[in-house]
Structures are given as C-alpha cells and as structure tokens.
Amino acid sequence: MSEKYVGQTVEIVYLDQAGNITQRKIEVKEIRGNTVRAVCLMTGAPRTFRRDRILAWQVARTA
C-alpha cells in the first residue's frame, strides 16, 4: 500500500496476529514505514495495521 492512499477510503483484506483473515473498509490517515494508521468504518475506531499483513487492497467504490 502506497502513501497515495492517505485520505482515501480503502477496502483491505488483512491477516491479523492470530492468523484470522478479515475484510475491512478503512479511511487511511497515515502511512509511515510498515504501519498504516486508519479509522475502521465499521466500528468508527482508530486502528493500526501492519503493511506486511495487508493481503489485498482497493480504493472503495462510492455508491
């Protein structure tokens, strides 16, 4: 995932520390090194994701 996604809503497929795969829609706030800081749009909570655990991403479609 590139810095060009900062400020955009992105759908990701993520592998968490326990080995679970989840799909999330996030608003990317910052990308620094191996860390993506975002707001999860399902819960409204701030989240931090490791870049190397993001398996796939795409810009979210607007309805």
Side-chain angles (χ1 to χ4, degrees):
M1 178 177 285
S2 167
E3 284 77 14
K4 72 180 182 180
Y5 294 106
V6 172
Q8 295 192 39
T9 299
V10 178
E11 294 180 42
I12 64 170
V13 177
Y14 189 72
L15 176 66
D16 71 13
Q17 190 172 9
N20 301 311
I21 295 176
T22 61
Q23 184 171 350
R24 299 176 178 271
K25 188 180 283 191
I26 62 172
E27 183 179 328
V28 180
K29 298 296 186 183
E30 177 184 32
I31 299 175
R32 183 180 296 172
N34 195 38
T35 303
V36 176
R37 294 178 191 248
V39 173
C40 177
L41 297 180
M42 289 176 25
T43 64
R47 294 288 312 263
T48 301
F49 300 95
R50 285 182 35 181
R51 262 175 144 171
D52 60 337
R53 292 185 183 266
I54 298 173
L55 305 176
W57 66 88
Q58 69 178 12
V59 175
R61 295 183 220 154
T62 56

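Atoms CD and CE, from Gln23 and Met42 in turn, are 9.5 Å apart once rounded to the nearest 0.5 Å. Interatomic distance, CD of Glu27 versus SG of Cys40, reported as 11.5 Å (0.5 Å rounding). Thr22 OG1 to Leu55 CG: the interatomic distance, rounded to the nearest 0.5 Å, is 9.0 Å. A distance of 10.5 Å separates NZ of Lys4 from CD1 of Ile31, quoted to the nearest 0.5 Å.
Val59 and Trp57 fall within the same hydrophobic cluster, where Ile, Leu, Val, Met, Phe, Trp and Tyr residues are linked whenever their side-chain heavy atoms come under 4.5 Å apart, directly or through other members. Residue Val39 is not grouped with residue Val10 when hydrophobic side chains (ILVMFWY) are merged at heavy-atom distances under 4.5 angstrom, including chains of intermediate members. Residue Ile54 is grouped with residue Val28 when hydrophobic side chains (ILVMFWY) are merged at heavy-atom distances under 4.5 angstrom, including chains of intermediate members. Linking ILVMFWY side-chain heavy atoms closer than 4.5 Å, directly or via other members, places Phe49 and Val6 in a single hydrophobic cluster.
Arg53 contributes a side-chain N or O that, together with a main-chain N or O of Asp16, makes up a donor-acceptor pair within less than 3.5 Å. When atom types are taken as modelled, the side chain of Tyr14 and the backbone of Arg50 share a donor-acceptor pair closer than 3.5 angstrom. Looking only at distances, no side-chain donor or acceptor of Asp52 sits under 3.5 Å from a matching main-chain atom of Asn34.
Take Glu30 and apply the side chain to side chain contact (heavy atoms under 4.5 Å, CB included) test, not counting sequence neighbours, and it matches Arg32, Arg37.
Atom CD of Gln17 sits in a sparse spot, with 12 or fewer heavy atoms from other residues, nucleotides or ligands closer than 6.0 Å.
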Given the rule in the side-chain contact (heavy atoms from CB on, under 4.5 Å) test, do Ile12 and Arg24 qualify, once you have shown the distances and angles that lead to the verdict? CA-CA 5 Å; Ile12 64 170; Arg24 299 176 178 271; 4.1 Å; yes
| message | Evaluate Val36 against Tyr5 for side-chain contact (heavy atoms from CB on, under 4.5 Å), listing each step before the verdict. | response | CA-CA 10 Å; Val36 176; Tyr5 294 106; over 6 Å; no
